Structures are given as structure tokens and as C-alpha cells.
Amino acid sequence: QVQLVESGGGLVQAGGSLRLSCATSGRTFSNYAMGWFRQAPGKEREFVAAIRRGGGTTYYADSLKGRFTISRDDAKNTVYLQMNSLKPEDTAVYYCAASPLTYGLDKNNYYDYWGQGTQVTVSS
């Protein structure tokens with residue numbers, strides 16, 4: 001089992017920044033690819049970003065490239081999502097997830113473990 005706990009969400013004005021953290025415990029963090037997804041009210045959960053084991057390869061939703069950055073610190077068992085130039089449409093619950101795979105990281109059904117989510121609200 002891998003336990004994931006997100007933090008860092010909150011209310012921010014448009015144009016602002018937030019840094020989300022996802023602390024993990026349980027099995028060896030470095031063995032897992034990590035992803036961030038988000039779900040806005042009335043919408044399906046969507047892929048945000050992912051980072052492979054070792055941290056050398058990252059993936060982003062096309063619409064978010066250049067504004068969001070995913071990173072990981074294996075020594076701290078933590079993955080981060082730096083979000084800049086936030087827009088009201090970024091408002092959602094953000095989830096981190098862990099996958100033992102090296103492919104399909106933009107698909108939520110390829111992840112085995114999920115956090116409880118953290119709310120991000122961007123005001124206009």
C-alpha cells in the first residue's frame with residue numbers, strides 16, 4: 001500500500017501561484033511514477049502532469065505546458081506541482097496518484113493509489 005496526502009491548495013487570485021505537495025508513505029516511493037490529476041465540478045477527472053521514476057521524464061497536459069511544473073524529491077518521498085499564472089478555469093480538486101508503470105501515465109486507470117485531493121480555487 002502507498003498512502004498519499006496532498007497539501008498546499010487554497011484560494012488565490014488569477015495570475016497567482018500555488019505549490020502543491022503530495023507526501024507519500026508505505027512502499028518505496030522511488031519505485032513509482034507519480035501523477036497529478038484534477039476534477040472540476042460537473043467535469044471528469046483530467047490529467048495534469050506526471051513524472052517517471054527517477055524524475056528524468058515529465059509529461060504535461062498540452063493546455064498546461066509552460067504554467068505547471070511537476071517535480072519529485074525521492075529523499076522526502078514527496079512530489080510537487082508548481083502552478084503559475086493561475087486562471088479561474090484551473091479551479092478544481094487536485095489529486096496526486098502513484099503508478100508502478102512507465103507508460104499510460106496520462107490515464108487515471110493506470111494508477112493504483114490516490115490521495116484524498118486538495119481544493120484549488122482561483123478567483124477572477
Side-chain angles (χ1 to χ4, degrees):
Q1 289 287 336
V2 177
Q3 292 78 42
L4 302 94
V5 179
E6 302 96 335
S7 61
L11 175 64
V12 63
Q13 289 188 333
S17 298
L18 282 176
R19 187 194 196 202
L20 305 184
S21 299
C22 175
T24 72
S25 60
R27 295 185 178 178
T28 305
F29 175 72
S30 59
N31 287 344
Y32 290 85
M34 300 298 297
W36 286 96
F37 292 76
R38 68 185 184 183
Q39 187 167 18
K43 296 187 177 181
E44 294 186 353
R45 189 171 299 187
E46 65 174 357
F47 171 71
V48 173
I51 186 166
R52 292 181 67 172
R53 291 176 288 184
T57 303
T58 56
Y59 306 90
Y60 296 93
D62 288 342
S63 61
L64 301 177
K65 287 180 181 177
R67 293 196 299 123
F68 287 17
T69 303
I70 188 171
S71 61
R72 64 188 295 161
D73 186 337
D74 286 358
K76 295 183 178 180
N77 296 337
T78 301
V79 62
Y80 304 97
L81 184 69
Q82 178 67 42
M83 305 186 295
N84 299 327
S85 302
L86 283 162
K87 305 174 181 180
E89 51 263 43
D90 294 320
T91 295
V93 177
Y94 284 72
Y95 299 90
C96 70
S99 172
L101 305 175
T102 58
Y103 56 87
L105 297 179
D106 59 336
K107 307 217 176 14
N108 57 18
N109 57 334
Y110 281 64
Y111 288 80
D112 290 352
Y113 304 103
W114 291 83
Q116 82 291 347
T118 186
Q119 176 70 47
V120 171
T121 303
V122 184
S123 63
S124 57

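Not measured: the values here are computed from a predicted model.
The heavy-atom pair separating Ala97 from Tyr111 by the smallest distance is CB-CD2, 3.4 Å. Scanning all heavy atoms of the two residues, the minimum distance from Leu4 to Gln116 falls at O-OE1, 3.6 Å. Scanning all heavy atoms of the two residues, the minimum distance from Ala33 to Arg52 falls at CB-CA, 4.1 Å. The two residues Asp73 and Tyr80 make their nearest non-hydrogen contact at CB-CE1, 4.0 Å. In this structure, Tyr94 and Leu81 approach most closely via the heavy-atom pair CD2-CD2, 4.2 Å. Across all their heavy atoms, Tyr60 and Ile70 have their closest contact at OH-N, 2.9 Å.
Grouping the Ile, Leu, Val, Met, Phe, Trp and Tyr side chains by contacts below 4.5 angstrom, directly or via other members, places Leu18 with Ile51. Residues Val79 and Val120 fall within the same hydrophobic cluster, defined by Ile, Leu, Val, Met, Phe, Trp and Tyr side chains chained together at heavy-atom separations under 4.5 Å. Linking ILVMFWY residues whenever their side-chain heavy atoms come closer than 4.5 Å, directly or via other members, places Trp114 and Phe47 in the same cluster. In the hydrophobic clustering of this structure, Leu20 does not group with Leu105; members are Ile, Leu, Val, Met, Phe, Trp, Tyr whose side-chain heavy atoms approach within less than 4.5 Å, directly or through other members.
The OG atom of Ser25 sits 10.5 Å away from the CD atom of Gln1 when rounded to the nearest 0.5 Å. Between atom CG of residue Asn108 and atom CD of residue Glu46 there is a gap of 11.0 Å, rounded to the nearest 0.5 Å. Note: Tyr32 OH to Asp74 CG = 13.0 Å, rounded to the nearest 0.5 Å. Gln39 CD to Gln119 CD: the interatomic distance, rounded to the nearest 0.5 Å, is 11.0 Å. One finds the CE atom of Met34 at 9.5 Å from the CG atom of Asn77 (value rounded to the nearest 0.5 Å). Note that the OG atom of Ser124 and the CD atom of Gln13 stand 9.5 Å from one another [nearest 0.5 Å].
The side-chain heavy atoms of Met83 and Trp36, taken from C-beta on, include no pair separated by under 4.5 Å. Proximity of Leu64 to Val48: side-chain heavy atoms (C-beta onward) are separated by under 4.5 Å at one or more points.
At least one donor-acceptor pair under 3.5 Å links the side chain of Ser99 to the backbone N or O of Tyr110. In this structure a side-chain-to-backbone donor-acceptor pair under 3.5 Å is present from Glu6 to Gly117. Checking side-chain atoms of Arg72 against main-chain N and O of Phe29 turns up a donor-acceptor pair under 3.5 Å.
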- Item | Verdict with reasoning, Phe68 to Asp90, per side chain to side chain contact (heavy atoms under 4.5 Å, CB included) | CA-CA 11 Å; Phe68 287 17; Asp90 294 320; 4.0 Å; yes
